[in-house]
Asks: 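Shown below is the structure under consideration.
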Amino acid sequence: MIQVVTPQHMQAIDDASEVPLDELIARAGAAVARAAIRQLGGTYGRRVLVVAGPGNNGADGRVAATRLRERGVRVAVVDALDLPERLPRADLVIDAAFGTGFRGGWQFPDVGATPVLAVDVPTGLDAATGVAGPSTPHAVRTVTFQAAKPGHVFADGPARCGDLEVVDIGLGVDRADALLVDAAAVRHWLPHRPTDAHKWREAVRIVAGTPGMTGAGHLATTAAQRAGASLVAVSSPGVDADAPVEALDRRVPGFDWYTAVLDDLHRFRSLVIGPGLGREEHTVASVLRCVEDAVVPMVIDGDGLFALAWNEAGSPAVLVDREVPTVLTPHDGEYGLLTGRRPDDDRLAAATSLADTTGATVLLKGPATVVATPGEVPLIVDAGDERLATAGTGDVLAGIIGALLARQIPAHRAAAAGAFVHGLAVQRCASVGVIAGDLVEQLPAVFTDLLATDA
Ligand SMILES: NC(=O)C1=CN([C@@H]2O[C@H](COP(=O)(O)OP(=O)(O)OC[C@H]3O[C@@H](n4cnc5c(N)ncnc54)[C@H](OP(=O)(O)O)[C@@H]3O)[C@@H](O)[C@H]2O)[C@@H](O)CC1
Ligand SMILES: Nc1ncnc2c1ncn2[C@@H]1O[C@H](COP(=O)(O)OP(=O)(O)O)[C@@H](O)[C@H]1O
């Protein structure tokens with residue numbers, strides 16, 4: 001997995017390094033030159049314009065210019081603080097104006113359609129949050145050093161950075177602030193089913209859906225099945241669940257259904273509670289009883305999170321005493337309900353603080369999803385895309401995580417692996433018109449491909 005380090009932490013690593021700054025800049029600049037040649041597809045007859053600022057980012061760019069000249073590239077370097085009226089023509093612009101030391105107020109010049117290669121971060125992109133300034137260029141590629149920064153993966157980062165290349169310049173990273181989840185990690189986390197498996201081994205209990213909203217239970221159930229649950233029992237309180245023929249429809253009353261759910265919960269390996277449950281007071285009461293007394297790992301999603309927030313003592317009070325893992329899956333609105341405040345631009349900190357106060361694993365949804373668990377390095381999943389932003393995809397994610405918990409994957413990894421396969425599923429779907437059920441259909445192939453790949 002790629003390490004993610006905050007700019008502040010990277011500065012401390014830099015300061016503590018025994019490698020002199022000049023040497024780091026030499027290595028960084030050489031890596032930028034190599035990336036530029038790859039981007040240009042060669043050196044002969046190619047022209048490169050380097051926009052170089054007064055700091056170390058500019059120094060990286062000047063070293064790259066020297067290296068490129070040595071390879072026969074025609075290079076012009078312009079001073080970011082003294083730009084000529086007309087920029088020299090070029091096949092590639094290297095943005096070495098400002099990196100992590102940018103403090104706003106400088107405009108990147110208009111380079112038309114010429115592709116931009118950014119050094120460390122495109123100028124104006126906040127490396128801590130990914131929020132772009134008004135003239136931040138859209139780079140085709142960004143070369144960063146030693147570790148990715150949060151700004152590369154959150155907010156405007158992915159769109160402004162283009163392809164991200166992380167280059168080792170010989171700085172030892174003492175600890176990552178987060179890790180970017182990849183296929184190799186998820187493959188490694190997935191357990192093999194033993195030959196003596198039986199249908200109760202990875203059984204998932206789901207409470208989701210209400211009259212008029214039974215689709216939430218259906219989506220969570222089918223997703224759990226397709227993510228490896230060996231048996232799913234689903235209840236939509238007060239109504240027959242919309243259960244596929246392979247699942248058990250456990251009819252429970254509309255009120256005080258917690259007794260029915262808790263009764264034989266010990267037979268299951270996980271409980272998913274909340275999608276489409278509604279926000280009635282009696283529903284809140286039943287959810288809270290389940291959270292307090294459930295003896296198996298839980299995923300609390302959607303209206304289950306509302307129930308936690310509605311509780312007078314606050315969600316931490318209900319959660320901290322749980323002796324088995326809990327995964328909370330809020331989007332920004334649900335995070336706001338739970339904490340009284342929507343997450344700010346520092347999404348790593350937002351997820352981590354909720355995890356710390358509740359003791360739970362928090363999966364903070366978004367274009368890049370963050371998974372935080374007390375005592376664990378946060379995980380970031382950026383496998384999905386905007387096609388996931390349709391009704392019901394969260395229900396699918398909750399079902400997948402429920403299945404992975406039932407497969408005995410620890411909560412931190414189960415949540416991150418769930419978000420990762422959810423993202424891979426949408427990558428296999430059509431470009432337009434994707435609905436949540438499409439993701440479910442892709443899951444067996446996603447798992448098959450993941451397990452088949454060598455790495
Ligand atoms: N470990 C690593 O990852 C390594 C990273 N490296 C590289 O170092 C980069 C960080 O370098 P850096 O700290 O020198 O900051 P950088 O962005 O070059 O600019 C600061 C200068 O610009 C000035 N300035 C700022 N804004 C301005 C404005 N609007 N208008 C005018 N001036 C402005 C600012 O002035 P001041 O604020 O001090 O007044 C200061 O002089 C990093 O992004 C990476 O490329 C490698 O070289 C080594 C290993
Ligand atoms: N723009 C986006 N890019 C990538 N993923 C997204 C985007 N918007 C939403 N998602 C993902 O889609 C899912 C939506 O979940 P949720 O909001 O709970 O949906 P619902 O409640 O309708 O089921 C989450 O996994 C989230 O991370």
Side-chain angles (χ1 to χ4, degrees), residues 1-4 130 142 148-166 176 178-190 219 223 226-228 299 301 327 329-332 347-348 351 361-373 376-390 392-404 407 409 411-431 434-455:
M1 287 186 279
I2 292 179
Q3 295 182 312
V4 180
T142 295
K149 315 299 173 310
H152 294 127
V153 282
F154 291 112
D156 306 312
R160 301 294 172 129
C161 293
D163 293 335
L164 182 67
E165 189 178 327
V166 183
L179 295 167
L180 202 50
V181 173
D182 59 20
V186 174
R187 183 165 40 252
H188 178 68
W189 299 340
L190 294 174
L219 287 169
R226 294 303 194 180
V299 181
D301 180 53
V327 179
T329 55
H331 55 52
D332 284 12
R347 299 182 71 81
L348 278 176
T361 290
V362 172
L363 179 148
L364 179 59
K365 294 170 179 173
T369 287
V370 179
V371 177
T373 304
E376 302 277 357
V377 178
L379 298 169
I380 301 173
V381 179
D382 65 354
D385 62 45
E386 59 280 4
R387 288 173 293 173
L388 284 176
T390 64
T393 56
D395 308 339
V396 171
L397 177 62
I400 296 172
I401 299 171
L404 299 181
R407 293 173 67 181
I409 302 177
H412 191 58
R413 291 178 172 184
F420 189 76
V421 298
H422 193 239
L424 292 189
V426 84
Q427 284 179 25
R428 302 175 66 98
C429 290
S431 54
V434 176
I435 55 173
D438 297 346
L439 302 177
V440 174
E441 284 175 22
Q442 296 297 337
L443 286 173
V446 165
F447 282 105
T448 303
D449 283 0
L450 254 181
L451 293 171
T453 319
D454 298 327

Asks: Mind listing the side-chain donor-acceptor pairs of residues 381-390 below 3.5 Å, one per line with the distance, residues two or more places apart or on another chain?
Replies:
{"residue": "Asp385", "atom": "OD1", "partner": "Arg387", "partner atom": "N", "Å": "2.9"}
{"residue": "Asp385", "atom": "OD1", "partner": "Arg387", "partner atom": "NE", "Å": "3.1"}
{"residue": "Asp385", "atom": "OD2", "partner": "Arg387", "partner atom": "NE", "Å": "3.3"}
{"residue": "Asp385", "atom": "OD2", "partner": "Arg387", "partner atom": "NH2", "Å": "2.8"}
{"residue": "Arg387", "atom": "NH1", "partner": "Val426", "partner atom": "O", "Å": "3.2"}
{"residue": "Arg387", "atom": "NH1", "partner": "Cys429", "partner atom": "O", "Å": "3.1"}
{"residue": "Arg387", "atom": "NH1", "partner": "Ala430", "partner atom": "O", "Å": "3.0"}
{"residue": "Arg387", "atom": "NH2", "partner": "Val426", "partner atom": "O", "Å": "3.2"}

Asks: Taking salt bridge (charged side-chain N to carboxylate O under 4.0 Å, His left out) as the cut-off, I'd like each qualifying pair that reaches into residues 415-426, sequence neighbours left out, listed once.
Replies: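 As it turns out, there is no salt bridge (charged side-chain N to carboxylate O under 4.0 Å, His left out) pair with a partner in residues 415-426 once direct neighbours are skipped.
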Asks: How long is the span from the CZ atom in Phe420 to the CZ atom in Arg187, to the nearest 0.5 Å?
Replies: 9.0 Å
Asks: Could you state the interatomic distance from CZ (Arg347) to OG1 (Thr369), rounded to the nearest 0.5 Å?
Replies: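 The distance works out to 8.0 Å.
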Asks: Considering the options Val186, Ile380, Val371, Ile2, which one meets the side-chain contact (heavy atoms from CB on, under 4.5 Å) requirement together with Val181?
Replies: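 Exactly one pass, corresponding to Val186.
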Asks: Could you tell me which non-hydrogen atom of Leu348 sits nearest to which non-hydrogen atom of Ala178, and how far apart they are?
Replies: CD2-CB, 3.8 Å
Asks: Quick check: does any side chain N or O of His422 sit under 3.5 Å from a backbone N or O of Gly394, one acting as donor and the other as acceptor?
Replies: no
Asks: Just so I know, are the side chains of Asp301 and Asp395 near enough to count as touching, which here means a heavy-atom distance under 4.5 Å?
Replies: yes
Asks: Which heavy-atom pair separates Ala155 from Gly130 by the least distance, and what is that distance?
Replies: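 The pair with the smallest heavy-atom distance is CB-O, 3.5 Å.
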Asks: Holding to side-chain hydrogen bond (donor to acceptor under 3.5 Å, both in side chains), I want the full list of residues that pass it with Arg226, two or more places apart in sequence or in another chain.
Replies: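 In terms of side-chain hydrogen bond (donor to acceptor under 3.5 Å, both in side chains), with neighbours along the sequence ignored, Arg226 is linked to no residue.
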Asks: Are the side chain of Thr361 and the backbone N or O of Val327 linked by a donor-acceptor pair below 3.5 Å?
Replies: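 No, Thr361 side chain to Val327 backbone: no donor-acceptor pair under 3.5 Å.
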Asks: Just jot down the salt bridge (Lys or Arg N to Asp or Glu O under 4.0 Å) partners of Glu376, sequence neighbours excluded, or say none.
Replies: none
Asks: Does the side chain to side chain contact (heavy atoms under 4.5 Å, CB included) test come out yes or no for Asp332 and Leu364, once each step is laid out?
Replies: CA-CA 7 Å; Asp332 284 12; Leu364 179 59; 3.9 Å; yes
Asks: I need the Leu404 CG to Ile409 CD1 distance, nearest 0.5 Å.
Replies: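 Leu404 CG to Ile409 CD1: 4.5 Å, rounded to 0.5 Å.
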Asks: Give me the one residue out of Leu179, Val370, Thr373, Leu363 that meets side-chain contact (heavy atoms from CB on, under 4.5 Å) with Leu379.
Replies: Leu179
Asks: Compare all side-chain heavy atoms of Val299 with those of Thr329 and state whether any distance is below 4.5 angstrom.
Replies: yes
Asks: Checking Ala227 now: which residues fulfil side chain to side chain contact (heavy atoms under 4.5 Å, CB included) with it, not counting sequence neighbours?
Replies: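 Ile400, Ala403, Phe447.
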Asks: Indicate the atoms forming the closest heavy-atom contact of Leu180 with Val4, along with that distance.
Replies: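 It is N-CG2, 4.3 Å.
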Asks: Hey, does Leu397 have a side-chain heavy atom less than 4.5 Å from the side chain of Lys365?
Replies: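 They are in contact (side-chain heavy atoms under 4.5 Å apart), so the answer is yes.
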Asks: Listing request: all side-chain hydrogen bond (donor to acceptor under 3.5 Å, both in side chains) pairs with a residue in residues 441-450, at least two apart in sequence or in separate chains.
Replies: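 The answer is Arg428-Gln442, Arg428-Asp449.
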Asks: Hey, does Thr142 have a side-chain heavy atom less than 4.5 Å from the side chain of His152?
Replies: yes
Asks: If you round to the nearest 0.5 Å, how far is CH2 of Trp189 from CZ of Arg407?
Replies: 13.5 Å
